Amino acid sequence: MKKVLFICFALVIGQLSAQDMGAMAADAASTLSSDAFIDQIAGDQLKSMAKKFNLSDAQAEQASAFVTESLKSPKVQKALGKFSPEQLLSPDGLQTIQNTLLGNKKFMKKMKGFLNPDQFGMMSKAASML
């Protein structure tokens, strides 16, 4: 009888844990798609790209819309959905996001429209090393 009760107890605990994990996954997914979180990531990406690719203030302003738009796209959201918000905000996570953006052909095409040839060359070279 004790074994039956123990097995029932273990099954109930396992079910509750699974529900908690499902709720945590849903919370993480909603955080990733929230405007505030995307704006935070976009700001971090712009700082990094401005430094790495020598963007002027005007170029960074133009890139801002493309970065935010790309981060909201279903393709990028799906790729980033594999990570927790904490992972994405870490230095490795920020690099993962940048690699995801640089690997996005639409993003690169839009960036080419206002970068000078040297800047776009540096960005293309970084994208080709992914």
Side-chain angles (χ1 to χ4, degrees):
M1 185 67 171
K2 288 181 184 180
K3 288 182 182 180
V4 172
L5 287 175
F6 178 76
I7 291 171
C8 289
F9 179 74
L11 289 173
V12 168
I13 295 298
Q15 183 66 21
L16 291 175
S17 295
Q19 288 175 354
D20 289 344
M21 294 300 284
M24 288 172 53
D27 287 347
S30 67
T31 299
L32 292 177
S33 62
S34 77
D35 287 340
F37 189 72
I38 289 174
D39 289 344
Q40 180 180 359
I41 291 175
D44 292 343
Q45 288 303 311
L46 285 170
K47 287 178 193 172
S48 174
M49 286 182 180
K51 184 176 179 180
K52 188 182 270 185
F53 304 118
N54 301 318
L55 302 183
S56 68
D57 290 342
Q59 289 172 320
E61 183 70 30
Q62 287 178 296
S64 175
F66 301 141
V67 170
T68 303
E69 178 184 321
S70 294
L71 289 172
K72 289 182 178 181
S73 74
K75 182 179 179 180
V76 173
Q77 283 288 308
K78 183 178 178 183
L80 299 181
K82 299 174 185 173
F83 304 97
S84 72
E86 293 79 21
Q87 289 172 316
L88 292 174
L89 293 174
S90 72
D92 288 341
L94 293 173
Q95 186 59 51
T96 298
I97 295 167
Q98 192 165 99
N99 291 347
T100 302
L101 291 173
L102 295 177
N104 185 319
K105 290 180 183 180
K106 288 181 184 179
F107 176 78
M108 291 297 286
K109 185 175 180 181
K110 289 177 181 180
M111 294 297 286
K112 185 178 183 178
F114 63 87
L115 296 178
N116 69 42
D118 290 338
Q119 290 169 319
F120 188 73
M122 287 188 297
M123 194 173 275
S124 295
K125 183 176 179 180
S128 70
M129 293 191 307
L130 300 177

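Keep in mind that what you see is a predicted model, and the values were worked out from it rather than measured. Residues: numbered from 1 along the sequence shown.
- Considering OG of Ser64 and CG of Leu55, their distance stands at 11.5 Å, rounded to 0.5 Å.
- Scanning all heavy atoms of the two residues, the minimum distance from Ala63 to Met111 falls at CB-CE, 3.8 Å.
- Atom-to-atom distance recorded for Leu46:CG and Asp39:CG is 10.5 Å, nearest 0.5 angstrom.
- By the 6.0 Å contact criterion, NZ on Lys106 is open, its count of non-hydrogen atoms from other residues, nucleotides or ligands being 12 or less.
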Item to check | Gln87 vs Thr96, side chain to side chain contact (heavy atoms under 4.5 Å, CB included): CA-CA, chis, key distance, verdict | outcome: CA-CA 10 Å; Gln87 289 172 316; Thr96 298; over 6 Å; no

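- Taking the six-membered ring for Trp and the full ring otherwise, Phe114 and Phe120 have centroids separated by 6.0 Å or more.
- Without hydrogens or angle criteria, Ser70 side chain to Val67 main chain gives no donor-acceptor distance under 3.5 Å.
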Next on the checklist: Does Gln77 form a side chain to side chain contact (heavy atoms under 4.5 Å, CB included) with Lys72? I'd like the steps, not just the answer.
Outcome noted: CA-CA 6 Å; Gln77 283 288 308; Lys72 289 182 178 181; 5.5 Å; no

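- Counting all heavy atoms, side chain and backbone alike, Lys110 lies closest to Phe66 at CD-CD2, 3.5 Å.
- Side-chain contact of Asn116 with Gln119: a donor-acceptor pair under 3.5 Å is present, judged by distance alone.
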Next on the checklist: For Leu89 and Ile41: C-alpha separation, side-chain torsions, deciding distance, then whether side chain to side chain contact (heavy atoms under 4.5 Å, CB included) applies.
Outcome noted: CA-CA 7 Å; Leu89 293 174; Ile41 291 175; 4.3 Å; yes

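- Of all heavy-atom pairs between Asn54 and Gln59, the closest is O-OE1, 4.0 Å.
- With a 6.0 Å radius and a threshold of 12 heavy atoms from other residues, nucleotides or ligands, Glu61 has its CD atom at or below the threshold.
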Next on the checklist: Before you tell me yes or no, could you show the steps for Thr100 and Leu71 under side chain to side chain contact (heavy atoms under 4.5 Å, CB included), namely the whole-Å CA-CA distance, both residues' side-chain angles and the distance that decides it to 0.1 Å?
Outcome noted: CA-CA 9 Å; Thr100 302; Leu71 289 172; over 6 Å; no

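- Atom CG of Leu80 and atom CZ of Phe37 lie 8.5 Å apart (nearest 0.5 Å).
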Next on the checklist: Go through it in stages, so that I can follow the logic: the residues are Gln40 and Asp44, the test is side chain to side chain donor-acceptor pair (under 3.5 Å), and I'd like the CA-CA distance, side-chain angles, deciding distance and then a yes or no.
Outcome noted: CA-CA 6 Å; Gln40 180 180 359; Asp44 292 343; 4.8 Å; no

Next on the checklist: Does Lys52 form a side chain to side chain donor-acceptor pair (under 3.5 Å) with Gln98? I'd like the steps, not just the answer.
Outcome noted: CA-CA 11 Å; Lys52 188 182 270 185; Gln98 192 165 99; 2.7 Å; yes

